[in-house]
Amino acid sequence: MKKAWTLLLAGMLMLTACSSNSSNQEGSSNAGGSDTGAAAKEISIWAWDPSFNIAALEIAKAAYADDNPDAKINVIEYAQNDVIQKMNTGLNSGTTKGLPNIVLIEDYRAQSFLQAYPDMFVDLSTHINAGDFAEYKIGPTSHDGKQYGVPFDSGVTGLYVRTDYLEQAGYTLEDLQDITWNEYIEIGKAVKEKTGKNMISLDPNDLGILRMMAQSAGSWVLKEDGTTPNLADNAALKEAFEVYKAMMENNIVRMHSDWSQFVAGFNSGEVASVPTGNWITPSIKAEASQAGKWAIAPLPVLANQPDSVHASNLGGSSWYVLNVPGSETAADFLAKTFGSDVEMYQKLLTDIGALGTLKEAAAGTAYEKSDEFFSGQNIVADFAKWTEQIPNVNYGMHTYAIEDILIVEMQNYLNGKDLDKALADAQAQAEAQLK
Amino acid sequence: MRRFWNAFKYQRLFTKIFLVMVISIIAVSALTSLTTIRMSERLFMKTFSITNSKVLYQIKTSIESFNYSIVTAANNILQSGSIKSFLTEGESDSLTVAKTYYSMNQQMKRIQSNVDAYEVGITLVGMNGRNYATDRTYFTLSTEELKHHRLTLTTLLEPKRLMYQYYNEKSAGGEGGEPLLVATKALMERTTGGIYGTMYVTIREREFKQFYTNFTSEGNDVLILNRDGIILSSNREELIGQTSEELVRHAEEINDTGLDYRQAKVFGNDSILVADYLPSYDFYLVNMIDKNIALNQIFDIKTIVLICVMIVSAALIIVFLISRQITKSLTLFVRRMSNVTKHDFGNYMNVTGSYEIRELGKAYNYMLDELHAYIDRLVETQRHQRNAELAALQRQINPHFLYNTLASVKMLVQQGSKEKAAETINALISLLQNTISNVSETITVEEELANLKNYVFINHVRYGGRIRVDYFVMPDCMQARVPKLIIQPFIENAFFHAFNKKEEGFIHVLISSEGHTLICEVVDNGDGMEGVSDNTLPNPKSKRQLFTGIGVINVHERIKLLYGEEYGVTISSQPGEGTKVRVRLPKETD
């Protein structure tokens with residue numbers, strides 16, 4: 001009988017022992033994908049524009065995979081605004097959770113991130129050589145002597161024009177080689193008259209064209225220090241405002257409210273010219289039926305600005321590595337692809353028309369080819385030529401904050417407000433806001 | 001086999017007890033476990049349905065507040081004059097258009113702040129061909145395609161309603177694309193009822209999922225389906241886009257009947273369903289719990305079974321040992337008892353085992369003792385009785401014998417043979433003298449021979465000497481002791497029955513010894529008999545010639561009674577050749 005009790009007791013003990021460890025199994029398995037140290041082989045990249053940046057990434061990914069087959073690179077596409085918003089949210093909250101390893105940042109905004117969160121970005125000075133890239137890209141991508149960004153696409157601008165419309169209006173490409181914006185408007189009026197097409201497509205909420213004009217004259221909405229607003233006494237900006245209003249008043253502007261409408265504008269043949277960054281090339285060429293009808297002229301200058309040149313920059317962005325686990329792999333990826341791979345740049349240019357800023361890449365064969373779409377024009381050489389002329393300005397930290405103010409004042413100006421008053425108001429508001 | 005059966009036969013009691021115990025122990029433990037599991041299952045369901053209803057309520061709340069933001073955004077869009085003019089006005093000069101675009105854009109920025117908390121894109125398409133999108137990545141459709149898309153057509157059927165629809169580019173024929181939920185509403189001029197555009201608020205399914213993914217886990221799934229049963233959103237991605245009419249039917253019933261939960265087989269799994277209706281979406285929100293996974297988390301079936309098996313086997317071992325012990329002595333007891341008749345009631349019990357068994361064993365042994373004593377007494381009594389009978393028989397001197405003998409003597413006297421008459425009288429006297437003494441006494445072979453000779457002499461006197469009697473006795477047998485009148489009946493028998501056909505012959509009496517056995521043979525060469533096998537001589541029909549009451553029949557019995565089974569009489573006979581009687585006796589001397 002004693003035996004029996006012992007057995008029973010043993011059974012009870014087992015019972016309690018067994019039942020206690022069944023519920024501890026869950027949890028602890030939901031760790032993120034990239035939390036496994038700096039050398040994690042899985043990295044994520046945020047970028048926008050599938051036909052350009054994302055496509056470039058895919059090429060880089062393929063090039064990198066040849067040597068690093070076990071690296072897993074996740075490319076995630078977001079709209080640029082979303083990238084900015086998510087970055088701000090993540091960096092503001094002070095956690096790196098949910099942030100990618102590599103992010104594409106537009107040069108205009110780069111400083112606002114680099115200056116605000118220098119610790120969150122990885123100094124890539126040891127991985128890449130800043131001297132390998134176009135001079136004007138170094139300013140926005142570095143901070144405090146450290147090279148944080150791997151410069152990517154060139155934002156060098158040109159005036160894309162429909163030669164067929166020009167001819168109808170009585171002009172040739174030659175006539176556009178050295179013009180002012182005022183002359184551009186005159187041509188636009190003629191084109192509109194002859195063809196019914198608008199000369200240019202603008203978004204009233206995006207003053208990119210003003211930035212182009214300002215930079216071409218070596219001026220910017222911020223002073224050299226990058227923080228002081230430079231609006232009220234900015235002659236270049238003032239003239240750009242006047243040109244803008246003149247375009248509107250001369251009724252040569254088609255409106256768009258977003259990128260796809262913008263692209264649709266010239267793809268459908270509604271617009272005769274597109275003054276913008278060279279990154280538009282793939283979008284222009286996307287409409288194959290217009291082959292031979294386009295040419296690229298130098299950007300017009302501001303008539304009253306003696307410093308104004310036929311070259312400027314619009315947009316352009318660079319890659320940054322965030323200081324989150326996996327940064328080693330991420331930096332290595334960038335250094336071996338966008339940071340040095342000349343061959344890859346040839347492919348970028350050939351396949352998607354992306355013009356990089358790696359100087360060495362310009363010596364490649366793809367950069368010497370003339371482009372049949374543009375009637376045999378060697379656009380790469382032209383862009384390279386213009387790139388050298390781009391005045392270097394400090395984009396500073398507040399480019400877009402000031403642009404928001406300018407957009408409002410532009411409307412006021414269009415509605416009849418005195419230009420000096422409008423710019424003075426903008427200056428005051430910007431100073432108050434950015435203090 | 002037989003041995004096994006025997007073993008089993010005696011184990012029947014044990015087998016029965018053990019079987020009953022086995023069955024009841026297993027039944028009890030199985031039933032207890034089952035009932036417990038059932039009870040906790042029911043408890044789980046109850047708790048589950050309460051908590052999950054609350055979870056669903058919470059999900060519903062957040063989804064509803066999402067809806068509220070969209071409704072607000074939609075109302076703002078509807079009320080905004082600048083948006084309306086953007087979507088209605090015709091082409092005019094750049095400046096005017098720029099203003100419209102500008103103010104529309106400003107307006108939209110404000111409106112978008114309503115839904116900033118969610119990752120949504122707002123697309124507006126106007127009847128004048130203009131359109132606006134906060135984020136173009138949601139739709140890859142062109143504006144024209146969108147205008148004629150199912151989304152738009154369905155919306156225009158009910159222009160006053162804000163409706164939610166499922167959109168997946170794959171279904172539209174494009175490739176790739178991810179599932180979207182699109183809130184659509186026709187933009188309608190309130191006073192005239194004219195529709196001037198359509199609003200689309202798109203949210204990616206993977207964003208929409210965020211409203212509930214925190215509440216899900218493996219086996220605990222949330223699904224959102226529309227009335228057609230199309231699964232619009234779920235944490236289980238493989239289900240998105242599938243149609244499950246049964247699920248929507250269950251959801252409807254749960255909702256209509258106000259059930260807390262329902263158990264059903266969905267997607268091949270036994271599931272517990274909790275459902276709620278999202279009126280503003282016209283969707284069903286279903287929480288589907290895979291019963292097996294959920295219950296497995298509660299019950300470690302393996303452990304329960306293991307414990308049950310352990311307890312049961314422990315109990316069985318104990319029961320086996322105890323019942324074995326109880327029944328073992330009982331079985332032995334029964335086995336002994338069933339063999340009680342063998343071995344002359346000599347199967348005594350070992351008095352072992354439990355108290356009850358010991359007492360029973362004692363009583364049994366006592367009973368056997370009593371039985372033995374009784375039988376012994378009975379045997380003794382019968383022997384005495386037999387002896388008395390024989391003694392009585394022996395003393396019965398047949399009156400006919402005396403009468404015949406005396407008649408013969410009278411004849412001798414009349415004939416003048418005084419000598420012979422005196423001899424005859426002497427023989428009769430010594431015969432009677434030896435006979436009428438104590439029957440149990442034994443006499444020597446010599447004395448018995450004297451008796452025989454006297455008897456033969458008397459017979460010769462009476463019937464003449466045509467039957468000769470010879471005696472052959474081994475000298476060492478002379479002093480052996482034999483019961484009285486043990487041979488006389490056979491000589492008597494031979495005299496009166498063996499020579500009915502033959503006129504004359506002889507009778508040999510041979511006495512010899514073989515070891516310790518005395519063998520007396522009476523051999524005649526008379527008529528012989530047929531069919532002598534049972535060691536008995538035919539009973540004489542009349543007692544007239546007999547000397548005493550002891551007949552040949554009694555001799556055999558008498559010897560056995562006196563000396564035991566191995567002694568007795570054997571008779572062999574051949575018709576026409578004679579009879580041989582052989583008497584075996586122990587050779588006893590003084």
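Given the structure is predicted, the values throughout are model-derived calculations rather than measurements. A note on names: the letters A, B, ... follow the listed sequences, proteins ahead of strands, and every chain is numbered from 1.
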Subject >> Contact origin within Met104(B) toward chain A - heavy atom pairs under 4.5 Å >> reply: side chain
Original post:
Contact part of Glu218(B) toward chain A, heavy-atom cut-off under 4.5 Å: side chain, backbone, both or neither?
Top reply: neither
Verify the distance criterion only: is there a donor paired with an acceptor across the side chains of [X] and [Y] at less than 3.5 Å?
X         : Y         : result
Gln290(A) : Asn267(A) : no
Lys209(B) : Asn235(B) : no
Ser82(B)  : Tyr102(B) : no
Glu106(A) : Tyr400(A) : yes
Asn287(B) : Asp221(B) : no
Gln261(A) : Ser257(A) : yes

Between [X] and chain B, with a heavy-atom cut-off of 4.5 Å, which part of the residue counts as in contact: side chain, backbone, both or neither?
X         : answer
Asp203(A) : side chain
Leu202(A) : neither
Lys86(A)  : side chain
Asn81(A)  : neither

Original post:
Hey, which of Met108(B), Lys109(B), Glu119(B) has the most heavy atom pairs under 4.5 Å with chain A?
Top reply: Glu119(B)
